[in-house]
Amino acid sequence: MRMTSKKARAQAGFTLLELLIAMVLAAIVMAGVYEQIQTANQRSANEQKHLDLFQEAREFIDQMSRDLRQIGYPNPRNIDTDSISPSTVALGLVNIDDRDISFEGGLDNDNNVLSTQYTYDSSTTGNCPCLKRSQQSKNGTSSGQVEVQNVQNYIGGNNIPIFRYYTQGGTAEVTYSTTSPLTYDTANGTNAALLAAIDTIRIELVVESPYADLKTGMKPIVTLVSTVKVTNCSQSTSGTLSCQN
């Protein structure tokens, strides 16, 4: 009888208390694993958003660089002298300051000279502050507007010029009052000549992600810099064509 009782107890299995303890421990382990998986997924999603932000800003910089290399093209050197008119040649740089630039250069699909503007919008509505690009042909046909969002060059105490301009092969920076941009004006020979002498433009964009990092709680910031050598064939004065490079 004693041996039978020991065998029965040996085959009895887990008690209800032992089973509950095991279930609680398993639940704790599974909760920890789930939390780690959830954190990893969220971090991966944030990293992808950060990468998308960088890629968007990089593409915008590339587009800007392509536009700037067209400044002053076509010019009278590229056109039959019998067909030269204000609508068939590009003026070159038209207006510059540290956050805005306007210029003529390049052709649309109908061979119309293009007028391009990059303008900083400091408003806090929508996805701004932002840098906007707009373009239209000299005959007035618009080709739309795009923008890079959350530009932080002038936010939070920053004062980082988006655009810097240089002459003499990029060695001499052009200075001017930020409240008085340089504007092409044939009546102002000094402004026109200075615009015509610009041969290098430096771009710096500081862009903030709209999404905070899970670990630091801070929104990642991307800074992109590009330096563009420009031909800048500018009709700086009547009857004169100034081409850099």
Side-chain angles (χ1 to χ4, degrees), residues 45-73 90-110 112-165 176 178-179 181-184 195 198 200-213 218-228 230 232:
N46 274 12
E47 288 297 326
Q48 184 60 50
K49 291 171 184 175
H50 183 69
L51 181 62
D52 291 343
L53 170 74
F54 179 86
Q55 185 64 27
E56 176 189 348
R58 180 74 267 171
E59 290 175 357
F60 195 84
I61 288 275
D62 290 343
Q63 176 65 64
M64 200 182 313
S65 299
R66 289 193 295 270
D67 288 340
L68 293 175
R69 292 190 181 98
Q70 295 292 316
I71 291 177
Y73 172 84
L91 186 63
L93 281 169
V94 175
N95 184 290
I96 66 168
D97 63 22
D98 64 328
R99 60 186 70 188
D100 304 301
I101 182 171
S102 301
F103 54 89
E104 293 180 4
L107 300 171
D108 64 13
N109 294 332
D110 296 321
N112 297 310
V113 173
L114 292 167
S115 176
T116 305
Q117 299 83 37
Y118 283 89
T119 306
Y120 177 74
D121 185 344
S122 61
S123 67
T124 55
T125 58
N127 293 307
C128 287
C130 54
L131 184 65
K132 297 180 178 180
R133 173 187 182 270
S134 59
Q135 193 173 66
Q136 65 180 19
S137 63
K138 290 187 76 170
N139 65 8
T141 303
S142 175
S143 62
Q145 177 175 283
V146 295
E147 65 185 31
V148 60
Q149 302 167 353
N150 298 309
V151 175
Q152 301 294 304
N153 289 59
Y154 304 98
I155 302 298
N158 291 335
N159 188 21
I160 303 170
I162 297 174
F163 302 106
R164 294 178 185 268
Y165 310 90
Y176 52 87
T178 55
T179 59
L182 286 178
T183 301
Y184 180 93
L195 286 171
I198 292 172
T200 305
I201 300 175
R202 184 180 185 271
I203 311 160
E204 182 171 357
L205 275 182
V206 181
V207 183
E208 181 184 69
S209 171
Y211 308 102
D213 182 87
M218 304 292 291
K219 294 180 179 179
I221 291 179
V222 171
T223 300
L224 298 100
V225 178
S226 179
T227 301
V228 182
V230 296
N232 188 23

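Between the side chains of Q136 and S115, no donor-acceptor pair is found at a separation under 3.5 Å. Q117 and S102 are not linked by any side-chain donor-acceptor pair at a separation below 3.5 angstrom, with hydrogens and angles left out of the test. With 3.5 Å as the limit, one finds no donor-acceptor pair spanning the side chains of T116 and D67.
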L131 and L205: CA distance, side-chain angles, deciding distance, side-chain contact (heavy atoms from CB on, under 4.5 Å) verdict: CA-CA 9 Å; L131 184 65; L205 275 182; 3.9 Å; yes
E147 and R133: CA distance, side-chain angles, deciding distance, salt bridge (charged side-chain N to carboxylate O under 4.0 Å, His left out) verdict: CA-CA 6 Å; E147 65 185 31; R133 173 187 182 270; over 6 Å; no
Residues E59, Q63; criterion side-chain hydrogen bond (donor to acceptor under 3.5 Å, both in side chains); working and verdict: CA-CA 6 Å; E59 290 175 357; Q63 176 65 64; over 6 Å; no
Evaluation steps, side-chain contact (heavy atoms from CB on, under 4.5 Å), between V225 and I203: CA-CA 6 Å; V225 178; I203 311 160; over 6 Å; no
Full working for side-chain contact (heavy atoms from CB on, under 4.5 Å) between V222 and V206: CA-CA 6 Å; V222 171; V206 181; over 6 Å; no
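At least one donor-acceptor pair closer than 3.5 Å links the side chain of N158 to the backbone N or O of I155. A donor-acceptor pair under 3.5 Å is formed between the side chain of N153 and the backbone N or O of E204. Distance alone, capped at 3.5 Å, is enough to place a donor-acceptor pair between the Y165 side chain and the D97 backbone. In terms of modelled atom types and a separation under 3.5 Å, the side chain of D108 and the main chain of L114 share no donor-acceptor contact.
The aromatic rings of Y118 and F103 sit parallel to each other, their planes meeting at less than 30°, with 60° as the upper class boundary.
Note that the CG atom of L68 and the OG1 atom of T200 stand 11.0 Å from one another [nearest 0.5 Å]. Rounding to the nearest 0.5 angstrom, the gap separating the CD atom in E104 from the CD atom in Q70 is 13.0 Å. Taking OH of Y154 as the start and CZ of R99 as the end, the distance is 4.5 Å to the nearest 0.5 Å. Going from atom CG of L195 over to atom CG of L182 covers 5.5 Å, rounded to the nearest 0.5 Å. Between the CG atom in D121 and the SG atom in C128 there is a gap of 4.0 Å [rounded to 0.5 Å]. In this structure, CD1 in I198 is found 8.5 Å from CD1 in I71, a value given to the nearest 0.5 Å.
Side-chain contact check for V230 versus R69: every heavy-atom pair is 4.5 Å or farther apart. Side-chain contact between R202 and S226 is absent, with no heavy-atom pair separated by less than 4.5 Å. For the pair F163/M64, a side-chain contact is recorded, criterion being any heavy-atom separation below 4.5 Å from C-beta on. Side-chain contact between V207 and I221: absent, with no pair of heavy atoms (C-beta onward) separated by less than 4.5 Å.
V113 approaches G105 most closely through the heavy-atom pair CG1-N, 4.4 Å.
A salt bridge links R58 with D62; the closest basic N to acidic carboxylate O contact falls under 4.0 Å.
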